[in-house]
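First comes the structure, then the notes that go with it.
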Amino acid sequence: MRAALWFLALFGVAVAVALFAGNNQGTVTLFWPPYRIDLSLNMVLMLLFGGFTLLYAALRALAALLELPMQARRWRLLQKERAMHGALLDALSQMLGGRFLRARKSAESAIAQERALEDAKEALPHGRRLRTLAHMVAAESSHALQDRATREAHLQQALDNIPDRAAAIEQELREGAQLRAARWSLDERDATTALERLSVLPAGTARRTLALRAKLKASRLSHQTEQALETARLLGKHHAFSPAAAESIVRGLAMELINGAYDPAQLQRIWLGLEPHERAMPEIAVHAAQRLGQLGGDAMQVRAWLLPVWERMTDPAQPPLPDAQVLKLVRALEGSLQALDANWLARIESAQQAAPRNARLQYLSAKACLQRNLWGKAQQLFTQAAQQLTDASLRASAWRHLAELAEQRGDAEAAADAWKKAAQANA
């Protein structure tokens, strides 16, 4: 449709020109004394059009001729820019392929070409970023080659290329270089340097998952357990780990922090510093209670920490605790039965009566009765528990208590038999 319209317009112009030129009787007279020149108007118009066309072509030819040096300069600049980008791409490809020496040479070649363009006053708009990236490739390759001096030199040049108040995208590159430098320190197990490099990051960058992972590893390497625990919590909130993995990491760090306590007051501060859901973890609660007992803490405080775990174990609606965890709970309660109050005695007796065949609850109830000077009931429960307990240490302890009770009654034969069974249980 468009071609047809063009043809119609062309035909219209041709008809108009033919009508104008065919019937045009006008003339143009030029007086140049003593001469007179008469020209038809059509001829004058053709000469004017031809002269204009010739002048326009001459001017365009002159402009093209004068533009040749500039075009040659632009061509040379384009070739150098392509060579520089090619060298950087080669460096990246060779680094990914494990050819680190070649990668470093290609990166240094890209740096040299960019510097040559800058010296020639032909700096590229993105030259600073390209030079920084090339320095980082060279530093990464040097790190793989274990050339620490060259790595640090390229890293420093990369950081110096980008000022503190650079554009946002250049700041991202600078922060990435600092993060990568922290990872290099971690590879060398230099946790102190890694933490120093992470500490200079902006607040927003320091809370990114990559930075938090590096901080967690550095904190654990430097045995800064409290800082590692806080970092693990942040990673869990960012969903950097699966829920099970995050819980396992937090649990391990909390237990390590508890192990580092050397007096009840310090352990109390650590316990209060834990989050509520962490204190509700049976493993952490039992471990903290055991540690408090080892440090000579208050028995009532130990039982208070163990109460949520005890309620979970004795609640049929709750999922059962692992067998090893139940054993630890019984051991922890066994060591905290001094000055046992009536409430805890009632809890233990109620749990034992609700599960009369549970040997561990029988043993614990017997220990509680022993603390309350209920010798007959304690002997009965110890006897039942000693015959059913599968844990050797608890079974031996039950027989030892039976031997001591027999000695108190003056029954030497029963005491000797119990001591013999206690020794066999420990064997």
Side-chain angles (χ1 to χ4, degrees), residues 139-140 143 148 151-152 155-156 159 164 171-295 297 301 305 308-309:
E140 183 70 36
H143 175 69
R148 185 172 182 177
R151 183 197 73 190
E152 293 300 321
L155 173 63
Q156 191 59 46
L159 296 176
D164 294 334
Q171 283 297 333
E172 290 284 345
L173 186 56
R174 181 185 180 88
E175 292 163 7
Q178 291 170 329
L179 280 173
R180 196 61 205 153
R183 295 296 303 177
W184 295 336
S185 299
L186 287 177
D187 291 342
E188 297 173 345
R189 305 189 69 80
D190 187 357
T192 304
T193 304
L195 288 173
E196 289 176 356
R197 285 172 169 169
L198 291 171
S199 64
V200 300
L201 292 173
T205 307
R207 294 179 68 87
R208 293 175 187 169
T209 301
L210 183 62
L212 290 175
R213 284 179 179 272
K215 187 176 181 181
L216 174 61
K217 186 175 182 180
S219 300
R220 298 186 76 171
L221 280 175
S222 59
H223 302 291
Q224 299 182 25
T225 310
E226 189 171 357
Q227 183 177 353
L229 179 59
E230 183 63 30
T231 306
R233 289 169 180 160
L234 288 174
L235 284 169
K237 293 176 182 178
H238 291 177
H239 304 289
F241 306 115
S242 65
E247 182 178 338
S248 176
I249 293 173
V250 169
R251 182 171 60 247
L253 289 171
M255 294 172 70
E256 184 179 341
L257 194 61
I258 290 169
N259 288 335
Y262 293 102
D263 58 74
Q266 183 184 7
L267 183 56
Q268 182 73 20
R269 288 194 299 270
I270 292 172
W271 177 258
L272 294 176
L274 297 177
E275 295 185 355
H277 74 277
E278 295 169 356
R279 292 197 294 267
M281 293 181 185
E283 299 87 345
I284 295 178
V286 173
H287 190 73
Q290 287 179 329
R291 184 62 179 167
L292 183 59
Q294 293 170 0
L295 295 174
Q301 184 66 63
W305 289 359
V309 186

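No experiment lies behind these values; they were computed from the predicted model shown. We number each residue from 1, following the sequence as shown.
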Fill in: Atom pair NZ (Lys217) and OG1 (Thr231), whose distance is rounded to the nearest 0.5 Å
14.5 Å
Item to complete: For the residue pair Glu140 and Arg151, establish whether any side-chain heavy-atom pair is separated by less than 4.5 Å.
Response: no
Fill in: Under 3.5 Å: donor-acceptor pair, side chain of Ser248, backbone of Ala244
no
Worksheet item: For Arg220, does the CZ atom have more than 12 heavy-atom neighbours from other residues, nucleotides or ligands under 6.0 Å away?
Response: no
Which side-chain N or O atoms in residues 265-276 pair as donor and acceptor under 3.5 Å with protein atoms at least two apart or in another chain?
residue : atom : partner : partner atom : Å
Gln266  : OE1  : Tyr262  : N            : 3.0
Glu275  : OE1  : His277  : ND1          : 3.4

Worksheet item: With sequence neighbours excluded, what pairs up with Arg279 under the salt bridge (charged side-chain N to carboxylate O under 4.0 Å, His left out) test?
Response: none
Worksheet item: With side chains defined as the heavy atoms from C-beta onward, is the minimum distance between Glu196 and Asp190 less than 4.5 Å?
Response: no
Fill in: Full working for side chain to side chain contact (heavy atoms under 4.5 Å, CB included) between Arg148 and Glu188
CA-CA 10 Å; Arg148 185 172 182 177; Glu188 297 173 345; 3.9 Å; yes
Fill in: Heavy-atom side-chain proximity of Thr205 to Glu172 below 4.5 angstrom
no
Discussion item. A quick test of your reading: do over 12 heavy atoms of other residues, nucleotides or ligands sit less than 6.0 Å from CD of Gln301?
Written reply: yes
Fill in: Non-hydrogen side-chain atoms of Glu283 and Arg251 separated by less than 4.5 Å
yes
Discussion item. Can you give me the closest heavy-atom contact between Arg213 and Ala240, atom names plus distance?
Written reply: NH2-O, 2.7 Å
Worksheet entry | Value rounded to 0.5 Å, distance of CZ in Arg180 from CD in Gln178 | 14.0 Å
Worksheet item: What are the two closest heavy atoms between Ala228 and Leu253, and how far apart are they?
Response: O-CD1, 3.6 Å
Fill in: side-chain contact (heavy atoms from CB on, under 4.5 Å) against Ala214, all qualifying residues, sequence neighbours excluded
Arg183, Leu186, Leu198
Fill in: Note, Met255 side chain near Arg291 side chain (heavy atom, < 4.5 Å)
no
Worksheet item: Is any side-chain heavy atom of Leu216 less than 4.5 Å from a side-chain heavy atom of Leu212?
Response: no
Worksheet entry | Separation between CG of Leu235 and NZ of Lys237, rounded to the nearest 0.5 Å | 11.0 Å
Worksheet entry | Partner residues of Glu278 under the salt bridge (charged side-chain N to carboxylate O under 4.0 Å, His left out) criterion, sequence neighbours left out | Arg233
Item to complete: Only counting residues at least two apart or in another chain, list the ones meeting ring pair (Phe, Tyr, Trp, His ring centres under 6.0 Å) with His143.
Response: Trp184
Practice prompt. Would you sort out whether Arg197 and Leu155 count as a side chain to side chain contact (heavy atoms under 4.5 Å, CB included), showing the intermediate values?
Written response: CA-CA 12 Å; Arg197 285 172 169 169; Leu155 173 63; 3.8 Å; yes
Discussion item. Which heavy atom of Ala254 sits nearest to which heavy atom of Leu229, and what is that distance?
Written reply: N-CD1, 4.3 Å
Practice prompt. Evaluate the side-chain proximity of Asp263 to Leu295: yes if any heavy-atom separation is below 4.5 Å, no if none is.
Written response: no
Discussion item. With rounding to the nearest 0.5 angstrom, report the CD to CE distance, Glu247 to Met281.
Written reply: 4.0 Å
Worksheet entry | Gap between atom CG of Leu201 and atom OG of Ser199 - 0.5 Å precision | 8.0 Å
Discussion item. Between His287 and Asn259, is the side chain to side chain contact (heavy atoms under 4.5 Å, CB included) condition met? List the steps.
Written reply: CA-CA 9 Å; His287 190 73; Asn259 288 335; 2.6 Å; yes
Worksheet item: Does Ala246 have any side-chain contact (heavy atoms from CB on, under 4.5 Å) partners at least two apart in sequence or in another chain, and if so, which?
Response: Phe241
Discussion item. Using side-chain heavy atoms (C-beta onward) and a distance below 4.5 Å, is Gln156 in contact with Glu152?
Written reply: no
Discussion item. Quick check for you: to the nearest 0.5 Å, what is the distance between Gln227 atom CD and Ser222 atom OG?
Written reply: 6.5 Å
